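Just so we're clear, the structure is a prediction, and the values are computed from it rather than from any experiment. Computed over heavy atoms, backbone and side chain alike; hydrogens, waters and symmetry mates excluded. Each chain gets a letter, A, B and so on, in the order the sequences are listed, and its residues count up from 1.
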Amino acid sequence: MLEGMNDRQYEAATHKEGPLLIIAGAGSGKTRVLTHRIAYLIEEHKVNPFNIMAITFTNKAAAEMRERIDKIVGFGSESIWVMTFHSTCVRILRRHIDNIGYDNSFTIYDTDDQKSVMKAVFKKLNIDPKQLKESTVLKEISRAKDELLGPDDYASTYAADYSKRRIVECYREYQETLRRNNALDFDDLIRFTVALFRACPEILENYQDRFKYIMVDEYQDTNTAQFTFVKMLADKYRNICVVGDDDQSIYKFRGANIQNILNFEKVYRDTKVVKLEQNYRSTQSILNVANAVIANNTGRKGKKLWTAREDDEPVYFRAFENAREEAIEIGSEIASYKRRGIADFKDIAILYRTNAQSREFEEYFVHENIPYQLVGGVNFYARKEIKDLLAYLKTVDNARDDLQVKRIINVPKRGIGLTTVTKISDFADNNDMSFYAACKIADEIPGLGKASAKINSFVEMIETYKNALQETTILDVIKQLIEDTGYIEEIRAEDGERADEREENIGELLSKIKSYEDEHPENTLSDFLEEVALVSDLDSVDENDSRVLLMTIHSAKGLEYPICYVSGMEEGIFPSYMTINSGNDDDIEEERRLAYVAFTRAMNRLTITYAKARMIRGETQYNPVSRFVREIPTEYLKGELPRNKFRIDEDYDDNSSPRSFFKENPFGGNDDGFIPRKYSFQSKPVASPVVKKHEMTQAEAKAKLDTMTKGIQKISDSNELGYGVGDRVRHIKFGVGTVLELKEGPRDYQVTVDFDDFGKKIMYANFAKLKKE
DNA sequence: CCATCCACGTTTTTT
DNA sequence: ACGTGGATGG
């Protein structure tokens, strides 16, 4: 079983008891070590699989580990807990959270829900969103929760800090709202589990006795709350094994505390430390590049990757005029690899710093029929139409969550407006009941008038589905629901542009529900909703699909690809201007670690690219080559670096630049005949410029001109409106004024009137109902 | 209550 | 460049 392991791996895999810290460089086979250690414990030391737990950060990592454990352990492996931090905590809380005053059927709020809550909080506390941003407060709260500070702890910690007073109030109100809705946000999942353990020692002990052996993956990314959670669990038996790489700590912005790994040996004095430095993934050239860059960081544990691999090829650097050219060149290269049989699409990944950078690639790939899958961006379950339908399901499942009920009470429009909602909401608050409970007795709420009938039929509808759920499947209920509410029709009416895509998303949701029900026939709607709350885009990646992957470097962590492009290596992009401006060396170091993560994703061929010009937020930026590229000794790179060093070099003579055929023919020809296939649920990129710049024929131009002039003539006759430019007109509200201009708009005349008492107004003639004086 | 327009911020990364 | 949310008028 342990055959073929190197000495260090063997040492780690056969460690039996006591704390173990494995510093595992990128590609050093840490998952292998973890899974083998589990197998070893079971076989050699007769540890009951029931007593083992492995915790990861992502579902994908958990799934991968699960698979490998199942393979190597065999019988009994299913009783090992292999889960993410969040799902572990949910599982524990579902069982015991009633001990700390929540209902076990709590719901989980995503970022979007949090924002809605905070908005309501601002309204209630009369806070002007211009002075204090919701996102700022939420971020602050999240940081506090990462540090296990509840509203009271937070208040006392910052009691002296006057500037935090408002935030304290927001935190209190926010948490109170979540409580009322029986909801927890992501951070609460961890925090409340710790709180539960603190409040109920007997429950904690129960879990301590269960999980005698604990392994934590990606340990460098843990925050204080997660660390505390793990530490509490491990405190009785101290069989805690953590695996991590301080050089790959890239989640500080999310509260990760790099000290957790740096100080592990101080917390656990008798820690055994094993360093894995042999890399089994990449060529020596790739490792040289990665090592050279990360060597610029201070405060590392220190480690140098090496490989026994003999085959090698250079790391390429390529500079382009702009982001489009970057996309075209990378895309054409990929197409040619495929054509020449050098690589399949599934061997290739394109990495970038920010999600916005995916756009150019998508446009070109769609145009050239290069299959791709975009990971990240807007999470599938965060899309509006999906959230709407899920809000319906949540309401049907458990109408305790006011946020969800309010979200859908008027979607699609059924004539229940803000006024009505506010009245019901106030009534509910005053009578200490949930919003939905108040809806149920709408007739008794004063001042609702005709609206109460509409509320009643809404409640009736929800109740019908509730009953239906007893008899039939979730799929049938949601299908019925979509039909009854006319949701699809609403989408079509609302925006023709993206209606197709949104419909596709709904179709996708239906098939996800179907496969969920097929796979877990015994599970309830609540189970489904819970699973959905914790999945991410990355989880939908299927290794066997033949497509190029597009994703941020953060998403790519832990993954590997034979061919990798790390794009957008420019100052201001990577490192981001935010980090550059902060002037904080720690922030730059975190970016450098990110670069290290990026480079070490590549197995055989790494290409680093740079674009001289790039559109950012509607503005063209000219950025110098990233400092991280400058940190690579030139002998490790094949390709010429622009001469500019941290500034723009105006007269840079660019003859090393590749052909830029997009000037004549933006996307070149396509002679490959790839099967067109859309792998991504992501929004379809807009039509390529070729299509967009459809030249108007002369005849069309003339026709267009005709219609336009016709409009003008009509106006000058002063005809069907009964008035023209210069006439005096009367408006119901604004009184008398002079018509300054008449313009034909898309469906109506636009009238500009200078009113004697109200000044200049532009209005539509149809609505304005002006009368000639 | 709804449709429309405009101003504004957003984009560094996410379980 | 793009989407969102507030203001506005009917």
* Asked: At under 4.0 Å, does any side-chain N or O of A:R359 touch on OP1 or OP2 of C:dC2?
  -> yes
* Could you check whether A:Y577 gets within reach of a base, just the sugar-phosphate, or nothing at all, counting any heavy atom under 4.0 Å? => sugar-phosphate
* Please determine if a side-chain N or O atom of A:T552 lies less than 4.0 Å away from the OP1 or OP2 oxygen of B:dT12. => no
* To do: Find the distance A:M615:CE to C:dC2:C1' and express it as a whole number of Å.
  => 11 Å
* Decide, applying a 5.5 Å centre-distance limit and a 30° plane-angle limit (both strict), whether A:F85 stacks on B:dT15. => no
* **Where at least one partner belongs to residues 123-147 of chain A, residue pairs that pass ring pair (Phe, Tyr, Trp, His ring centres under 6.0 Å), sequence neighbours excluded** => none
* A:S555 vs B:dT13: side-chain N/O to OP1/OP2 distance below 4.0 Å -> no
* **Secondary structure string for DNA chain C (Watson-Crick or G-U under 3.5 angstrom, | for other-strand pairs)** => ||||||||||
* Asked: Hey, is the side chain of A:K115 poking within less than 4.0 Å of OP1 or OP2 on C:dT4, counting only N and O atoms?
  -> no
* Taking OP1 and OP2 of B:dT14, is either one under 4.0 Å from a side-chain nitrogen or oxygen of A:T111? -> no
* **Length of the line joining A:E362:CD and C:dA1:C1', which is rounded to integer Å** => 15 Å
* Within the pair A:N355 and B:dT13, is there a side-chain N or O less than 4.0 Å away from OP1 or OP2? -> yes
* Contacts of type ring pair (Phe, Tyr, Trp, His ring centres under 6.0 Å), residue A:Y352, not counting sequence neighbours -> none
* **Value in whole Å for how far the P atom of B:dT15 lies from CE of A:M551** => 12 Å
* Asked: Does the side chain of A:E218 reach to within under 4.5 Å of the side chain of A:T56, using non-hydrogen atoms?
  -> no
* Asked: Once you round it to whole Å, what is the distance between P of B:dT14 and CG of A:L351?
  -> 12 Å
* To do: Check every atom of C:dG5, B:dT12, B:dC2 against the side chain of A:N410 and return the nucleotide holding the closest atom.
  => B:dC2
* Asked: Do the side chain of A:H86 and the base of B:dT15 come within less than 3.5 angstrom through a donor-acceptor pair of N or O atoms?
  -> yes
* Is any side-chain nitrogen or oxygen of A:T58 closer than 4.0 Å to OP1 or OP2 of B:dT14? -> no
* What nucleotide, of B:dC1, B:dT14, C:dA1, holds the atom closest to the side chain of A:R254? -> B:dT14
* Toward the 5' end of DNA chain B, which comes first, A:M578 or A:K454, by nearest nucleotide? -> A:K454
* How would you list, by chain and number, every residue that makes a salt bridge (Lys or Arg N to Asp or Glu O under 4.0 Å) with A:E531, sequence neighbours excluded? -> none
* Structure fact -> Whole-Å distance, A:K557 NZ to B:dT15 P, equals 12 Å
* Asked: Under the side chain to side chain contact (heavy atoms under 4.5 Å, CB included) test, which residues partner A:Q175, sequence neighbours left out?
  -> A:Y102, A:K145, A:P151, A:Y171, A:L178, A:D188, A:R191, A:F192
* **Side-chain heavy atoms of A:L189 within contact of A:F106, under 4.5 Å** => yes
* Asked: Is A:E591 touching bases, backbone alone, or none of the nucleic acid, heavy atoms closer than 4.0 Å?
  -> base
* Mapping A:Q226 and A:K139 to their closest nucleotides on DNA chain B, which lands nearer the 5' end? -> A:K139
* Could you tell me which residues satisfy side chain to side chain contact (heavy atoms under 4.5 Å, CB included) with A:A613, sequence neighbours excluded, listed by chain and number? => A:N322, A:T620, A:Y622
* May I have the distance from A:Q621 (atom CD) to C:dA1 (atom P), rounded to whole angstrom? => 14 Å
* Which part of the nucleic acid does A:K133 contact within heavy-atom distance under 4.0 Å: base, sugar-phosphate only, or nothing? -> sugar-phosphate
* Asked: With a 4.0 Å cut-off on heavy atoms, is A:F253 in touch with a base, just the backbone sugar-phosphate, or nothing at all?
  -> base
* To do: Quickly work out the A:H554 NE2 to B:dT11 C1' distance and round it to whole Å.
  => 13 Å
* **Rounded distance in Å - CG (A:L374) to P (B:dT14)** => 11 Å
* Contact check, side chains of A:Y487 and A:D388, non-hydrogen atoms, under 4.5 Å -> yes
* Scan A:S576 against the nucleic acid and name what it touches under 4.0 Å (heavy atoms): base, sugar-phosphate only, or nothing. => base
* **Sugar-phosphate only, base, or nothing, as touched by A:T420 at under 4.0 Å among non-hydrogen atoms** => sugar-phosphate
* Asked: Quick one: does NZ or CZ of A:R91 land under 6.0 Å from the six-membered ring centre of A:W81, within 45 degrees of the ring axis?
  -> yes
